[in-house]
Amino acid sequence: MVDRTLKVLLVEDNPGDVLLVKEMLHSAGEHRIELGYTNRISTAREILEGTGIDALLLDLGLPDVNGLDTLEKIRRIYPDLPIVVLSSLEDEEMAVSALQIGAQDFLVKGTINGHLLTRALFYAIKRKELDSRLLFMANHDSLTGLYNRKFFHEQLNRSIAISSKHTRKLAVLLIDLANFRGVNDTFGQAVGDQLLAEVARRLQQGVRKSDTVARMGGDEFGLILEPVHDEVHVSELAKKIRENLCRVHTIEGNEIDLDLAVGISLFPSDGPTAGDLVRKAGRALQLSRETGGLPLQYYDLSMEETLKIRKELRSEFSRALKNHELVLHYQPIVNLRTHSLWGVEALVRWNHPERGLLFPGAFLPQIMGTELIVSMGDWVLREALSQLFRWTNKGITLSMSVNVDLLQLRKPDFVSRLTKLLERYPSIPPRLLELEILETSTAEDFPNLPEILSDIHDRGVRLAIDDFGTGYSSLAYLKHLPVDTLKIDQGFVIGMRNNRENLAIIESIVSLSRIFGRGVVAEGMEEMEYAPLLIKLGCDHAQGYAIGRPMPAEGFMEWRREWLANDGSEKLLPLPPVNELSILSTQVEHFAWIQHVLSLVQKASSTALSSTEEKVFSSPPAQEWYLKEGRAHYGSIPAFQELDSLHRESQEIAREMLRFIHERNIEGMRYDSRRLLLSKDTLLALYGTLQKDALFRSILDKPECS
Ligand code: C2E
Ligand code: MG
Ligand code: MG
């Protein structure tokens, strides 16, 4: 029982009855009840707002309202308040109704005494506590304390009713945590549970008082945002929610980078019922999840069409696999320096009976994440190896690169099946097979990946990271992967010419690959003119339309014959120096030189430099370019003249630096380092201007000199 003093509010219009109740309690010697009273429901509300009333003793026959209505109203406003109803009538029906509405007890005046009344009040409080707990359990999720799916639906119905009445709008958001399975697999379920609780907490913190947050099950959460003005408003709210959640969460010392997919439907535009809204938000979520699409995906009707097409394509594709409609095309990868043919990349195509030859972009996204990609991958591997076998038998040695999806690698028997496949072709050295995995798929949500890759690598098969530069591989992670090759994403190579950032990225990927002792291949070499620059950057291998497009096996053989016949020279030689590219490559060299000088100065402060190292100070790169080609082509462009003098100035600084080094003048070394560093920014701007001006001039076609 409760053993503290209870504050009970009596709402009673008859002063005689008030006295009677007081008297009853007094004569029962009951000191644990502190009785307050009011005769009107309107004042009762004021009192309830202010003080901590434990229970309400309510007379059903009040002057200002109808009794049961009053009860219902109070129940709605104070759902947790225990209520005992007093009535002067012995009205069975009324008693049942009062209990149904939510009163804890029904007492008839004149038939009770002080003890009974006290007991009724104490029981009412206990019963209410129990009711509340049961109700809480029925409506809440035990792990996160959020509302559950059942309550979410009930609340949505209520919200819809209110919104229709006031012609207001509301939004339903379904949120799904990306890679939650990975979190459970990697860090264990206890951490997964804590992450869910953390998400729940942040969700609840991040919404308005009028919004509802629920856990729909697993890693899916549901939100009712009400009221909302329009789509822009919903997006603002949803963006805030995302920002609050999409970050690194530290749980028990583990860093978990969380991402979400969000599906959104709106009332009234997406339908009049809770079922409609939840279903449509679910469709939007499904689309966002499957395509890795927009972070906030609104439902729209075309989605049904997209999902339908996807479903049809999947069943068509599974038929295509059985009907041998897939083919492989092979794209050459060559060494730009030696012109030798290094190997091919196998690229899948679908020979569609009606639509003709389909490229991966037309079907891979639709089958991503399904078993179909695994079956396709199996076929590709078998076919690529049998082709490699045919070539090897003819004495043609080539490396065969095959794209592998993460889902294939996740199959527990992948390595053993690969081993069996290789055993079928003992004449093929396993190092001729290179598996390419996408950089984005090396994410840390696949804890066993390094182990599986090591297993594969131990069998002699080479590994490459595809589309490198597009993901977020950390250096530390990369260092631990047994990867042989980094394939620079074609976007950087294609964009190399007119965007110096791309150039800088390529440069850093190449130096990264050097540091870790990996090979590097540039993808997307669309123009032969890139070759000298790629070579200069240290990237010797390339693949791209300029060298050869992906071709069927026979076509590739023909291409190869031609390539070998003229040592690839027809394409790779002569390497016409394109003017703008020569500016770019000079810039790269110049920057590399400054960097080198700066690092040597740093070294010189602790150890002596070798004579080769000292030579670097007096031999700036591109000297010849400035004196000959550069001056001849761009001598009249003001930016070139400025560059020329800046170039000379940095030469002088470097010479002075060397003197300071010999004199062990640390201050002087520091001073000159700063000067050289400062000149970098000016150089960058000047090279940019020169390139632009040169480009304009070439467009206007006014060659300056012969
Ligand atoms: P990827 O592995 O990065 O393959 C290179 C893509 O770039 C190929 O597109 C190729 O045709 C294209 N390409 C080559 N040279 C150039 C160029 O100079 N310029 C431009 N713009 N593009 C060039 P494709 O064949 O359409 O394949 C697209 C992607 O589909 C592949 O990108 C790969 O991620 C995936 N893929 C292809 N075959 C398979 C496969 O058998 N299994 C799996 N899982 N994925 C595959
Ligand atoms: Mg590839
Ligand atoms: Mg690629």
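Whatever order the structure lists ligands and atoms in, that order sets their numbers, starting from 1. Quick caveat: nothing in here was measured; it's all calculated off a predicted structure.
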Hey, is D259 close enough to R242 for a salt bridge, meaning N to O under 4.0 Å?
yes

Is the Lys NZ or Arg CZ of R314 less than 6.0 Å from the centre of F317's six-membered ring, within 45° of the axis?
no

Are D484 and H457 linked by a side-chain donor-acceptor pair shorter than 3.5 Å?
yes

Applying side chain to side chain donor-acceptor pair (under 3.5 Å), name anything that partners Y299, two or more places apart in sequence or on another chain.
E304

Residue set satisfying salt bridge (charged side-chain N to carboxylate O under 4.0 Å, His left out) with R382, at least two apart, ordered chain then number -> none

Listing by chain and number, which residues have a heavy atom under 4.0 Å from ligand 1?
Q331, E345, L347, V348, R349, P360, L364, M376, V380, N403, D405, E436, D466, D467, Q490, I494, E523, G524, M525, E526, G544, Y545, P550

For the Mg ion (ligand 3), which protein N/O/S atoms fall under 2.8 Å? Skip waters.
D466 OD1, D467 OD1, E523 OE1, E523 OE2

Taking atom types as modelled and ignoring hydrogens, do the side chains of Q286 and R289 form a donor-acceptor contact shorter than 3.5 angstrom?
no

Mind checking whether W391 and Y330 have parallel, tilted or perpendicular rings, split at 30° and 60°?
perpendicular

Verify the distance test for N403 against the Mg ion (ligand 2): any N/O/S atom under 2.8 Å, yes or no.
yes

Hey, is CD on Q189 packed in by over 12 heavy atoms from elsewhere, all under 6.0 Å?
no

Is there a donor-acceptor contact under 3.5 Å linking the side chains of H352 and E316?
yes

Are side-chain N/O atoms of R518 and T485 paired as donor and acceptor at under 3.5 Å?
no

With respect to the Mg ion (ligand 2), what is the nearest N, O or S atom of E345?
OE2

